[in-house]
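Notes to accompany the following structure.
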Amino acid sequence: MRVVSYWSAPLATRPVTASVTLPGSKSITNRALVLAALATGPSTVSGTLRSRDTNLMIDALRTLGIGIEGDGTTVAVTPGPLHGGAVDCGLAGTVMRFLPPVAALANGAVQFDGDEQARTRPLGIILDALRAIGADIDGSSLPFTVSGSGSLRGGDVTIDASGSSQFVSGLLLSAARFIEGVTVHHDGKSVPSMPHVEMTIEMLREAGVRVETPTDSGEANTWRVFPGAIAPVDWIVEPDLSNATAFLAAAAVTAGEVSVPLWPSKTTQPGDAIRGILTDMGAEVSLADSILTVRGPERLRGIDIDLHDVGELTPTVAALAALADSPSHLRGIAHLRGHETDRLAALSNEINRLGGRVTETADGLDIDPEPLRGGRWHSYADHRMATAGAILGLKVDGIDIEDIGTTAKTLPDFVGMWQQMLENEPARGERSDGATEH
Ligand SMILES: O=C(O)C1=C[C@@H](OP(=O)(O)O)[C@@H](O)[C@H](O)C1
Ligand SMILES: C=C(OP(=O)(O)O)C(=O)O
């Protein structure tokens, strides 16, 4: 018997009004750490997210020989000779896809493993790509071993990155340190989450790396990183806009008003797309003096949207759609079946268990709003499933969320922040009831 804890999601008894400051972006933090580790001298990272995914990245880099000082949000990274060791990826896509190329540059064997659930996440594409450019790797999913020889040839490689943009980002991030750099060609259905590839390219350029995306010369879906030095940078991490979406959704579903300070005026984070999404659903959204404010409408409209570029936002958008007053169609997100869990199945199962009407399509979800009732909400070890349940819980009494602690993947203080947002609202707290696993 496994003891499962449930958190009674607090109901909003009035419009939510709050200002919520978000910790740093997972995606920017983990890219900054990798680039700092491979740089020619010491870097700092300020605004570092401290969460399970980023702490796993820090622990892994330390294991491989990188000096990382600081327990808080400012860390100092001192590169050192890379050596072998054991890396725990947890359930972090960024760790399991960004570090194998780093390991190929180490002197020694690097053993990768992770959570049971991580063993089914797509990985073979990037491991095969690394083999094709000279790496010695045993295995095609977790657990696997990279036997580093201190350098990697690099060169041209063709991959199908339609399963995850992280295959492209992972190869590009370390490539300046490959003898020949890398040219990655994508051949397959379109690459999802392209803003995350843009984020990789922008950060590489900030570190002085030469990157070309020769779309102009007719080579769409090709990225080239030239060999050369990665410069040390004092990175400043933006707040995590994807995590912000759950809090902004609270305003949208309660006709409330939520602001998030330090919203960047220009960003590659996909979370920025929530502005357009909430506007389309009927909310009033404004960005002034770096403060994003969302005012919720009396009635939220459904939405028909392709989320291919911003798939990370799907759990929030699905929760919004389930509380809207007209149908929604979420498209372009077949790749979510390889995220922390099969998010299309998880969202449809859980919303339907509460009385909703969600149908899984080949590449998304059709959501017909129905009155929902309380009940258990399973989170599948997925931080964004847990936060989607919390959004529904604002409007539907009696939703008990399994393992709310799973939000620690990217937002360890989610419960505290949620309760603070609802200050003066009755918080129903967490209990542990020894229920057996479903
Ligand atoms: O590179 C990154 O930081 C990420 C890329 C995306 O992955 P996919 O392309 O696999 O969707 C995104 O969903 C994930 O949360 C973070
Ligand atoms: C898909 C996600 O994470 P990962 O970086 O583990 O792929 C996510 O955070 O929504």
Side-chain angles (χ1 to χ4, degrees), residues 15-32 45-51 53-54 73-74 193-203 206 234-297 300 303 305 307 309-317 319-320 383-384 387-388 390-391 394 407 410-414 416-418 420-423:
V16 174
T17 308
S19 168
V20 182
T21 302
L22 271 299
S25 151
K26 164 197 77 173
S27 293
I28 298 177
T29 297
N30 277 358
R31 282 168 173 74
V45 185
S46 320
T48 307
L49 172 67
R50 300 310 295 246
S51 71
D53 277 14
T54 55
T73 57
T74 300
S193 313
M194 276 302 286
H196 278 115
V197 176
E198 289 306 318
M199 181 186 285
T200 300
I201 294 169
E202 196 175 283
M203 291 181 70
E206 203 159 331
D234 289 329
W235 297 101
I236 298 173
V237 178
E238 297 169 2
D240 194 307
L241 307 188
S242 292
N243 279 335
T245 64
F247 298 89
L248 297 170
V253 302
T254 65
E257 179 173 324
V258 170
S259 317
V260 174
L262 304 174
W263 197 276
S265 55
K266 188 179 160 294
T267 180
T268 51
Q269 285 193 68
D272 195 36
I274 198 69
R275 296 196 282 146
I277 292 170
L278 288 174
T279 305
D280 288 352
M281 297 185 85
E284 212 181 288
V285 180
S286 64
L287 177 57
D289 301 329
S290 303
I291 301 174
L292 182 76
T293 303
V294 170
R295 285 182 203 84
L300 201 61
I303 188 167
I305 188 166
L307 292 171
D309 276 350
V310 296
E312 222 181 39
L313 306 191
T314 303
T316 296
V317 178
L320 288 164
H383 53 146
R384 297 195 204 282
T387 53
I391 297 168
L394 293 170
T407 50
T410 56
L411 196 55
D413 191 28
F414 173 74
M417 292 174 66
W418 199 251
Q420 188 164 359
M421 174 183 77
L422 297 166
E423 217 174 15

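What's counted below: heavy atoms across the whole structure, side chains too, no hydrogens, waters or symmetry copies.
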Set out, in order, the CA-CA distance, both residues' side-chain angles and the distance that settles side-chain contact (heavy atoms from CB on, under 4.5 Å) for Trp418 and Leu411, then state yes or no.
CA-CA 11 Å; Trp418 199 251; Leu411 196 55; over 6 Å; no
Mark yes or no for whether [X], through its side chain, and [Y], through its backbone, hold a donor-acceptor pair below 3.5 Å.
X: Thr279; Y: Val285; result: no
X: Thr54; Y: Leu49; result: yes
X: Thr407; Y: Phe414; result: no

Let me see the working for Trp263 and Asp272 under side-chain contact (heavy atoms from CB on, under 4.5 Å), right down to the final yes or no.
CA-CA 9 Å; Trp263 197 276; Asp272 195 36; 2.8 Å; yes
Identify the two heavy atoms, one from [X] and one from [Y], that lie closest to each other, and give their separation to 0.1 Å.
X: Ala388; Y: Pro315; value: CB-O, 3.5 Å
X: Leu313; Y: Pro270; value: CD1-O, 3.6 Å
X: Met417; Y: Pro23; value: CE-CD, 4.2 Å
X: Ala283; Y: Val294; value: CB-CG1, 4.1 Å
X: Met203; Y: Ala32; value: CE-N, 3.6 Å
X: Gly282; Y: Pro297; value: O-CB, 3.3 Å

Pair Ile277, Leu307 - check side-chain contact (heavy atoms from CB on, under 4.5 Å), show working.
CA-CA 10 Å; Ile277 292 170; Leu307 292 171; 4.0 Å; yes
Count the heavy atoms of every other residue, nucleotide or ligand shown that sit under 6.0 Å from CD1 of Ile236, and state whether that count exceeds 12.
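Not more than 12 within 6.0 Å, no.
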Distance check, rounded to the nearest 0.5 Å: [X] atom [atom1] versus [Y] atom [atom2]?
X: Leu22; Y: Leu292; atom1: CG; atom2: CG; value: 10.5 Å
X: Arg31; Y: Met199; atom1: CZ; atom2: CE; value: 5.5 Å
X: Leu287; Y: Arg275; atom1: CG; atom2: CZ; value: 5.0 Å
X: Asp280; Y: Leu300; atom1: CG; atom2: CG; value: 11.0 Å

Beyond-backbone contact of Ile201 with Thr268, side-chain heavy atoms, under 4.5 angstrom:
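SC-SC contact between Ile201 and Thr268 ruled out.
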Partner set under side-chain hydrogen bond (donor to acceptor under 3.5 Å, both in side chains) for Ser27, not counting sequence neighbours
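Expected list: His196.
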Taking only residues two or more places apart in sequence or in another chain, which ones pass salt bridge (charged side-chain N to carboxylate O under 4.0 Å, His left out) with [X]?
X: Asp240; value: none
X: Asp53; value: Lys409
X: Glu206; value: none

Please tabulate, for the side chains in residues 241-250, all donor-acceptor contacts under 3.5 angstrom to protein atoms that are two or more places apart in sequence or on a different chain.
from   : atom 1 : to     : atom 2 : distance (Å)
Ser242 : OG     : Glu312 : OE1    : 2.4
Asn243 : OD1    : Arg384 : NH1    : 3.3
Asn243 : OD1    : Thr410 : OG1    : 3.4
Asn243 : ND2    : Thr410 : O      : 3.3
Asn243 : ND2    : Thr410 : OG1    : 3.4
Thr245 : OG1    : Ser242 : O      : 2.7
Thr245 : OG1    : Thr316 : OG1    : 2.9

Intermediate values then yes/no, side-chain contact (heavy atoms from CB on, under 4.5 Å), Thr314 and Val317
CA-CA 5 Å; Thr314 303; Val317 178; 5.7 Å; no
What pairs of residues pass the side chain to side chain donor-acceptor pair (under 3.5 Å) test when at least one of them lies in residues 284-294, not counting sequence neighbours?
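Listed once each, the pairs are Ser259-Thr293, Glu284-Arg295.
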